Amino acid sequence: MSESQLLKVRREKLDKLRELGVNPYGGKFETTHVPGVLRANFEEEKTVRVAGRIVALRDMGKSQFFDIADLDGKIQCFLNQKAVGEETFEVFKQLDIGDWIGIEGETFITRMGEPTVKAVSITVLSKSLRPLPDKWHGVTDPQIRYRQRYLDLISNERSREVFKLRSQMVAAMRAFLQERGFLEVETPMLQDVPGGAAAQPFQTHHNALGMDLYLRIAPELFLKRLLVGGFTKVFELNRNFRNEGISRRHNPEFTMLEAYWAYADFEQMADLVEEMICSLAETFCGGLLIEHKNEEGEVTRTINLSRPWKRTPYVDLVRGAGGDDFFYLTPEGRRERCAELGVEVSPEMEDYEVVQQVFEKLVEEKTFDPCFVTHVPKELVPLAKQNPDNEAVVDVYELIINGVEISPGYSELNDPLVQRERLEHQAGEETQKIDEDFLLALEYGMPPAGGIGVGIDRLIMMLTGAESIRDVVLFPQLRRKEE
RNA sequence: GGACGGGUAGCUCAGUCGGUAGAGCAGUUGGCUUUUAACCAAUUGGUCCUGGGUUCGAGUCCCAGCCCGUCCA
């Protein structure tokens with residue numbers, strides 16, 4: 001049947017409900033239970049009121065079985081023509097899969113052992129005018145899954161699980177930090193100078209002020225101002241925006257946790273992150289072995305989060321991939337080695353970028369169990385303290401899990417003169433803008449501090465086994481749909 | 001930007017060598033008072049992504065384009 005015919009049938013049922021004196025878009029309905037919990041903690045012979053969307057309908061003539069569900073689960077309901085009377089039965093006949101209804105009834109267990117609510121009365125809460133996706137396969141078309149996420153949530157159990165887990169994990173991270181005395185703050189998303197990272201910003205304009213503004217690419221420089229102001233443990237967990245490519249691992253708006261801890265250093269921050277992620281895994285993933293599965297349910301990758309996590313200097317990892325003599329080669333020699341190893345480098349790259357390319361292709365992308373990469377070249381990280389024993393590297397970690405960087409952590413640079421110098425002498429293709437107000441703040445004195453960023457979307461991907469960032473972001477950015 | 005894969009009913013998908021456009025689900029009608037991917041019988045439903053081309057004949061082959069996905073840059 002064509003779509004228009006399907007819609008017509010539902011409109012006719014809508015009209016019929018009104019003829020029967022039923023408001024198809026009812027209001028308040030008090031419930032005693034939610035479907036999933038009622039089913040999980042089932043007791044017989046109780047009078048209950050539950051509400052949900054009809055997701056399955058088994059018509060046996062005078063007896064009707066149907067499932068009502070919401071995000072958290074479903075419960076079977078039973079309706080008998082004789083028991084509810086002709087009028088209610090006639091109303092029920094106008095209902096379809098997709099409609100929201102409230103049920104008052106008594107609980108019992110069927111011959112087949114299914115916990116069920118025997119309806120005494122039904123209340124129509126919302127008539128659905130469109131057919132739902134395939135009841136067994138759900139929606140698979142990525143266009144529909146992302147543009148009409150509600151259909152994905154209604155019809156795909158896995159999608160419901162992932163987004164519930166995400167919400168619970170984010171709440172748990174907030175609680176984890178709050179328990180340790182960190183205060184959550186909100187700093188500007190509209191910034192005059194987009195700082196704290198090297199990335200293309202989105203530009204916008206404030207009419208009343210007559211000035212261009214940028215959506216933030218990171219909250220870092222504002223959180224550090226708060227350290228200057230006396231916040232000693234502070235975090236922000238919210239959106240950043242980067243005007244760059246979209247891919248399996250990139251959405252233009254993404255969620256970042258940043259936390260700063262005065263008087264700490266990057267190693268304490270590594271401990272903190274390690275503990276936080278492990279506690280998430282133990283609470284929500286049943287332990288420290290994270291299994292990623294394909295559509296057939298076969299395990300395709302197992303990530304072992306057992307502690308302690310490896311901590312290895314950057315140069316050791318690069319040497320392991322590029323050869324023991326890698327750092328004794330001339331810069332030209334390193335480029336030749338890259339060619340031998342199949343690592344593509346462009347002629348414009350600085351030497352440290354060539355090295356970084358080896359790191360990204362041969363180390364990062366192949367590291368799945370957690371590894372804190374330490375002693376990173378200072379050129380890559382302009383906002384971190386230099387190592388006291390080796391001025392060429394900074395006191396930071398970059399945490400790699402699942403082949404991607406999940407979290408950086410720094411001993412934050414708090415020397416205003418060195419900070420200015422480092423920002424003004426950045427090299428390479430990715431440079432940060434200089435925020436003079438931030439440098440001014442540093443001149444008033446920022447306590448030494450450890451800082452971290454945690455890419456929440458990638459962390460959720462790692463913990464849930466999602467293949468694409470679009471599977472952990474409710475409404476990922478898509479091209480405008482042309483009509 | 002390049003390579004590869006995909007686009008067929010509301011949804012999930014088949015479609016052989018180029019020869020009348022198919023199934024399951026959903027819908028409709030009938031049957032059935034404890035079913036559960038309910039079942040049984042019947043039935044409706046198509047811009048085969050778009051535009052060209054080859055051909056007696058194109059969902060299928062060729063060309064161009066659009067959209068989606070993955071990988072690469």
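Residue numbering restarts at 1 for every chain, and letters A, B, ... go by the order of the sequence lines. This is a predicted model, so every value here is computed, not measured.
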Spacing between [X] atom [atom1] and [N] atom [atom2], to the nearest angstrom:
X       : N      : atom1 : atom2 : answer
L478(A) : C66(B) : CG    : P     : 19 Å
I75(A)  : U36(B) : CD1   : C1'   : 13 Å
W136(A) : U12(B) : CH2   : P     : 16 Å
Y150(A) : C11(B) : OH    : C1'   : 14 Å
E114(A) : U34(B) : CD    : C1'   : 11 Å
E3(A)   : G45(B) : CD    : C1'   : 12 Å
L6(A)   : C25(B) : CG    : P     : 15 Å
D96(A)  : C11(B) : CG    : C1'   : 15 Å

Any-strand Watson-Crick or G-U partner of [N], both distances under 3.5 Å:
N      : result
A3(B)  : U70(B)
G57(B) : none
U43(B) : G27(B)
U16(B) : none

statement: Nearest-nucleotide check on RNA chain B, G61(A) vs A56(A); residue mapping nearer the 5' end is G61(A)
- prompt: Taking the nucleotide of RNA chain B with the closest heavy atom to each, which residue, K135(A) or R111(A), is nearer the 5' end?
  reply: R111(A)
Is a donor on one side and an acceptor on the other found under 3.5 Å between the side chain of [X] and the backbone of [Y]?
X       : Y       : value
R335(A) : V345(A) : no
H292(A) : M462(A) : yes
R18(A)  : P24(A)  : no

Has [X] got a side-chain N or O lying under 4.0 Å from the OP1 or OP2 atom of [N]?
X       : N      : result
R58(A)  : A38(B) : yes
R10(A)  : G27(B) : no
R248(A) : U70(B) : no
R470(A) : U70(B) : yes
R130(A) : C11(B) : no
K8(A)   : U44(B) : no
T140(A) : C13(B) : yes

Minimum-distance nucleotide (side-chain atoms of [X] versus [options]):
X       : options                : value
S2(A)   : G10(B), C11(B), U36(B) : G10(B)
M1(A)   : G27(B), C68(B), U33(B) : G27(B)
F108(A) : U34(B), U12(B), G10(B) : U34(B)
K62(A)  : U33(B), G27(B), C67(B) : U33(B)
M60(A)  : G27(B), U35(B), C68(B) : U35(B)

query: Is K93(A) paired with E90(A) through a side-chain N to carboxylate O contact shorter than 4.0 Å?
result: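 Salt bridge absent between E90(A) and K93(A).
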query: Taking 4.0 angstrom as the limit, do K310(A) and D369(A) come out as a salt bridge?
result: no
query: Taking N and O atoms by type only, does the side chain of T110(A) place a donor or acceptor under 3.5 Å from a partner on the base of U35(B)?
result: yes
query: For the side chain of D134(A) and the base of G24(B), is some donor closer than 3.5 Å to an acceptor across the two?
result: yes
message: Under a 3.5 Å cutoff, is there a donor and acceptor pairing between the side chains of E353(A) and Q357(A)?
response: no
task: Using distance alone, with no hydrogens and no angle criterion, decide if N402(A) and R301(A) have a side-chain donor and acceptor under 3.5 Å apart.
output: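 Yes, a side-chain donor-acceptor pair sits under 3.5 Å.
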Whole-angstrom distance between [N] and [M], as gauged at atom [atom1]:
N      : M      : atom1 : value
C17(B) : C62(B) : P     : 14 Å
U70(B) : G27(B) : P     : 33 Å
A9(B)  : C25(B) : C1'   : 12 Å
G2(B)  : G22(B) : C1'   : 37 Å
C11(B) : C56(B) : P     : 37 Å
G5(B)  : G19(B) : P     : 22 Å
U50(B) : C67(B) : P     : 15 Å
G31(B) : U35(B) : C1'   : 15 Å

So what does [X] hit on the nucleic acid, given a heavy-atom distance under 4.0 Å: a base, only sugar-phosphate, or nothing?
X       : result
K118(A) : nothing
Q76(A)  : base
D59(A)  : base
Q64(A)  : nothing

field: Geometric cation-pi criterion, R311(A) with F372(A): 6.0 Å, 45°
entry: yes
